[in-house]
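Sequence lines set the chain letters: A, B, ... in the order given, protein chains first and strands last, and positions in each chain run from 1.
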Amino acid sequence: MKHPVIHIKIDKPMPASIRQVLDEKKERGALYAKGDIKTIREMDKKKNVSALSNKR
Amino acid sequence: MYQHYPINDNSYQFLTDIGTTYVVEFYKASSYFHPNCNYCSRIEAISFYPISPHKSIFDINISETIADIIRIRCQEKNGAVLYVCDSIDKKEIGRSKLFERWYNIYGGGVYHFQSSIIEYQDNISYAGLIVPIANQDAILFLEEFNLGIQYLINKEI
């Protein structure tokens with residue numbers, strides 16, 4: 001059984017915001033595959049700090 | 001299904017029979033929605049990764065465990081989950097098939113599933129929304145997802 005799928009072709013490059021999400025997924029996947037949890041936690045820490053400073 | 005446990009506010013972990021640890025992470029999915037969206041704060045994206053995988057084998061318990069984590073997360077956050085794939089490593093077809101399999105196993109009467117495939121000039125974006133039917137805002141989550149697609153179509157680079 002198929003679920004509903006919206007399929008669209010757009011004549012322009014992928015938006016930078018989506019590319020950034022996908023690049024980050026790829027980077028995290030590569031780090032996890034290497035077992036480099038330390039770098040991932042450092043990345044998360046930086047992200048949390050910057051999210052907190054944006055809230056101020 | 002494997003026993004899973006939270007490792008922080010946004011991540012869960014489980015260990016498979018062959019000794020591979022999986023991490024399941026949830027994160028903000030705001031890039032996929034309109035900046036003025038009302039319900040997207042309750043829609044999180046999901047990613048899952050094996051840590052130092054020994055080898056790649058098919059194991060139904062892995063997808064069952066991830067599905068259970070999605071169920072729990074949707075309950076806890078009173079929200080929905082966005083499943084994002086990419087075509088960076090050319091494995092996107094397998095990943096979207098996983099989404100299809102979840103739909104066939106878990107979709108009936110419990111979840112709405114809605115996917116989008118947006119083919120850009122340089123890449124393809126696959127995204128699927130998993131919404132618990134029992135959630136009173138289920139239809140609003142689906143509308144938000146569709147508005148997000150329209151926003152991405154019209155968005156400048």
Pick one of side chain, backbone, both or neither for [X], based on which atoms fall under 4.5 Å of a heavy atom in chain B.
| X | result |
| --- | --- |
| A/Lys34 | backbone |
| A/Leu31 | neither |
| A/Val5 | both |

Looking only at heavy atoms, which two atoms of [X] and [Y] are closest? And how far apart?
| X | Y | value |
| --- | --- | --- |
| A/Ser17 | B/Ser31 | O-OG, 3.8 Å |
| B/Ser125 | A/Ile18 | OG-CG2, 4.3 Å |
| B/Ser52 | A/Gly35 | OG-CA, 3.3 Å |
| B/Tyr120 | A/Pro13 | CD2-O, 3.6 Å |
| A/Arg19 | B/Asn123 | NH1-ND2, 4.1 Å |

With only heavy atoms counted, which part of [X] is less than 4.5 Å from chain A, the side chain, the backbone, both or neither?
| X | result |
| --- | --- |
| B/Ile118 | both |
| B/Tyr27 | side chain |
| B/Asn10 | neither |
| B/Leu142 | neither |

Heavy atoms of other groups near [X] [atom1], more than 12 under 6.0 Å:
| X | atom1 | answer |
| --- | --- | --- |
| A/Gln20 | CD | no |
| B/Gln121 | CD | yes |
| B/Asn8 | CG | yes |

Do [X] and [Y] share a hydrophobic cluster, counting only Ile, Leu, Val, Met, Phe, Trp and Tyr and linking them when any side-chain heavy atoms are less than 4.5 Å apart?
| X | Y | answer |
| --- | --- | --- |
| B/Phe33 | A/Ile10 | yes |
| B/Ile46 | B/Met1 | no |
| B/Ile153 | B/Leu147 | no |
| B/Leu140 | B/Leu129 | yes |
| B/Tyr32 | B/Tyr39 | yes |

Consider side-chain contact (heavy atoms from CB on, under 4.5 Å). Of B/Leu152, B/Ile124, B/Asp122, which one does A/Met14 pass it with?
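The single option meeting the side-chain contact (heavy atoms from CB on, under 4.5 Å) with A/Met14 is B/Asp122.
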
Please walk me through it: do B/Glu25 and A/Tyr32 pass side-chain contact (heavy atoms from CB on, under 4.5 Å)?
CA-CA 12 Å; B/Glu25 298 181 336; A/Tyr32 274 123; 2.5 Å; yes

Enter the distance from A/Ile40:CD1 to B/Ile51:CD1 here, rounded to the nearest 0.5 Å.
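Reported value, rounded in 0.5 Å steps: 7.5 Å.
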
Rounded distance (nearest 0.5 Å) linking atom CZ of B/Phe48 with atom CZ of A/Arg28:
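Interatomic distance, B/Phe48 CZ to A/Arg28 CZ, rounded to 0.5 Å: 14.5 Å.
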
